[in-house]
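Bear in mind the structure is a predicted one, so any value in this text is a computation, not a measurement.
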Amino acid sequence: MNVGVKICGLTEERGLDACLEYGADWIGLNFFAKSPRYVMPVRAAELARRTRGTCSVCVGLFVEPTDAEVTAVLDTVPLDVLQLYTSPERAAALARLSGKEIWLSCPVSSRADLPVQCGVQRLVIESRAPKDASRPGGNGLTLPWDVTAGWLAPAPWILAGGLTPENVGQAVRMSDAPAVDVASGVESAPGIKTPAAVKQFIERARSARIA
Ligand SMILES: O=C(O)c1ccccc1N[C@@H]1O[C@H](COP(=O)(O)O)[C@@H](O)[C@H]1O
């Protein structure tokens with residue numbers, strides 16, 4: 001099975017064009033204002049429109065958003081999916097409000113943290129941020145990849161946290177992840193993706209199970 005790839009935190013065309021050229025399945029736009037990868041909705045709309053007519057799907061990332069924040073972004077940006085850092089109950093409410101496909105981020109540090117049920121379309125299994133971190137993701141931290149081996153996932157899922165072109169192959173093999181997500185691991189600075197790293201990340205994720 002082909003490993004799906006999401007590249008998250010795009011802020012500029014050069015990085016985005018690399019993601020489209022090398023066939024990223026999902027393009028992440030970050031609407032968490034405290035993130036160095038935050039994009040204003042008007043700018044995000046320009047980037048999202050560039051993906052139309054390609055095979056890549058646009059994902060908007062939100063941290064504990066209000067209804068008004070989500071509605072304002074959706075009024076401007078043609079998003080396909082909402083990736084949420086919130087509770088399952090709030091995710092369900094935002095699914096009803098937006099009518100969009102919902103992904104829910106699940107912070108994981110051990111097997112006990114893995115969800116056994118799920119009311120969303122996809123789970124993002126991600127390293128738990130340190131208590132003093134300013135954001136719940138995008139910190140470049142890995143989780144122990146073998147925690148998901150043998151897990152009966154209640155929904156499709158994606159592995160995130162500290163992935164790089166150098167470690168993504170081992171991460172896919174150890175975790176058995178069907179898809180992977182990267183932000184900081186393919187950047188020269190927050191939000192600025194390196195085309196060669198994007199290419200290498202996608203190639204190595206895709207060939208991980210063949211190697
Ligand atoms: O990237 C951010 O700044 C960010 C801010 C708030 C929540 C999530 C964020 N990023 C997401 O975190 C994971 C892992 O990122 P990394 O590869 O470890 O840098 C990924 O899903 C990003 O989209």
Side-chain angles (χ1 to χ4, degrees), residues 1-11 15-16 18-20 22-33 35 37-108 115 117-126 135-138 153-161 163 177-183 186 191 193 198 201-202 205:
M1 192 179 63
N2 209 359
V3 175
V5 178
K6 170 168 166 265
I7 311 284
C8 197
L10 276 297
T11 60
L16 175 60
C19 296
L20 301 179
Y22 302 120
D25 299 277
W26 301 285
I27 303 294
L29 297 169
N30 189 322
F31 298 101
F32 180 48
S35 170
R37 303 181 181 90
Y38 171 76
V39 268
M40 305 264 295
V42 171
R43 178 77 183 115
E46 290 172 1
L47 296 172
R49 279 196 291 270
R50 215 172 166 89
T51 69
R52 299 297 95 158
T54 74
C55 295
S56 302
V57 166
C58 261
V59 179
L61 183 158
F62 297 83
V63 178
E64 296 295 359
T66 63
D67 288 2
E69 279 165 358
V70 170
T71 304
V73 168
L74 288 176
D75 281 348
T76 309
V77 191
L79 295 176
D80 306 297
V81 177
L82 307 185
Q83 177 182 343
L84 302 173
Y85 288 74
T86 190
S87 65
E89 295 73 23
R90 186 78 187 117
L94 287 168
R96 287 191 294 275
L97 175 86
S98 65
K100 297 288 176 184
E101 176 174 328
I102 303 289
W103 295 7
L104 184 62
S105 178
C106 304
V108 167
Q117 56 183 22
C118 161
V120 297
Q121 280 81 14
R122 194 177 298 268
L123 297 165
V124 183
I125 301 299
E126 186 166 349
R135 52 185 189 266
W157 63 283
I158 183 162
L159 177 72
L163 298 177
V180 288
D181 181 358
V182 61
V186 293
K193 306 303 183 205
V198 167
F201 186 89
I202 293 174

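- Residues meeting the side chain to side chain contact (heavy atoms under 4.5 Å, CB included) test with Ala155, sequence neighbours left out: Cys118, Leu123.
- Within the structure, every pair that satisfies the salt bridge (Lys or Arg N to Asp or Glu O under 4.0 Å) test and touches residues 49-64, not counting sequence neighbours, is listed here: Asp17-Arg50, Arg52-Asp80.
- Remark: the backbone N or O of Val81 is not paired with any side-chain donor or acceptor of Glu101 at under 3.5 angstrom.
- Between Leu79 and Leu29 there is a side-chain heavy-atom pair separated by less than 4.5 Å.
- Considering CD1 of Ile7 and CG of Asp181, their distance stands at 8.0 Å, rounded to 0.5 Å.
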Exercise for the section: Starting from the C-alpha separation in whole Å, work towards a yes-or-no answer on side chain to side chain contact (heavy atoms under 4.5 Å, CB included) for Val182 and Cys8. Expected result: CA-CA 6 Å; Val182 61; Cys8 197; over 6 Å; no

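- Considering only residues two or more places apart in sequence or on other chains, Ala179 meets the side chain to side chain contact (heavy atoms under 4.5 Å, CB included) condition with Trp26, Ile158.
- Here Ser105 pairs with Glu126 under the side-chain hydrogen bond (donor to acceptor under 3.5 Å, both in side chains) rule; sequence neighbours left out.
- Nearest heavy-atom pair, Ala177 versus Leu159, reported as atom, atom and distance to 0.1 Å: CB-CB, 3.7 Å.
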Exercise for the section: Check the pair Leu84 / Ile102 against side chain to side chain contact (heavy atoms under 4.5 Å, CB included), numbers first and verdict last. Expected result: CA-CA 7 Å; Leu84 302 173; Ile102 303 289; 3.7 Å; yes

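- Contact check for Thr71 versus Asp75: side-chain heavy atoms found under the 4.5 Å cut-off.
- In this structure the side chain of Val77 never reaches within 4.5 angstrom of the side chain of Met40, judged on heavy atoms.
- Every residue two or more places apart in sequence or in another chain that forms a salt bridge (Lys or Arg N to Asp or Glu O under 4.0 Å) with Arg43 is listed here: Glu13, Glu46.
- Of the possible donor and acceptor atoms, none in the side chain of Asp25 sits under 3.5 Å from a partner among the backbone N and O of Lys6.
- Atom OG of residue Ser98 and atom CG of residue Leu82 lie 4.5 Å apart, to the nearest 0.5 angstrom.
- Among residues two or more places apart in sequence or in another chain, the ring pair (Phe, Tyr, Trp, His ring centres under 6.0 Å) test is passed with Phe31 by Phe62.
- Scanning for side-chain hydrogen bond (donor to acceptor under 3.5 Å, both in side chains) contacts around Ser35 gives Asn30, with sequence neighbours left out.
- For the pair Val73/Val70, no side-chain contact is recorded, criterion being any heavy-atom separation below 4.5 Å from C-beta on.
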Handout entry: Pair Trp157-Val124, side chain to side chain contact (heavy atoms under 4.5 Å, CB included): steps then yes or no
Key = CA-CA 6 Å; Trp157 63 283; Val124 183; over 6 Å; no

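- The side-chain hydrogen bond (donor to acceptor under 3.5 Å, both in side chains) check on Lys193 picks up Glu187, with sequence neighbours excluded.
- Leu61 contributes atom CG, which lies 4.5 Å from atom CD of Gln83 (distance to the nearest 0.5 angstrom).
- Residues passing the side-chain hydrogen bond (donor to acceptor under 3.5 Å, both in side chains) test with Glu69: none are found, sequence neighbours excluded.
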Exercise for the section: Check the pair Trp103 / Val59 against side chain to side chain contact (heavy atoms under 4.5 Å, CB included), numbers first and verdict last. Expected result: CA-CA 9 Å; Trp103 295 7; Val59 179; 4.0 Å; yes

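- The side chain to side chain contact (heavy atoms under 4.5 Å, CB included) check on Ala92 picks up Arg96, with sequence neighbours excluded.
- Residues Tyr85 and Leu104 are not in side-chain contact: their nearest non-hydrogen atoms beyond the backbone lie 4.5 Å or more apart.
- Applying the side chain to side chain contact (heavy atoms under 4.5 Å, CB included) criterion to Thr51, with sequence neighbours excluded, gives Leu16, Leu20, Ile27, Thr54, Cys58.
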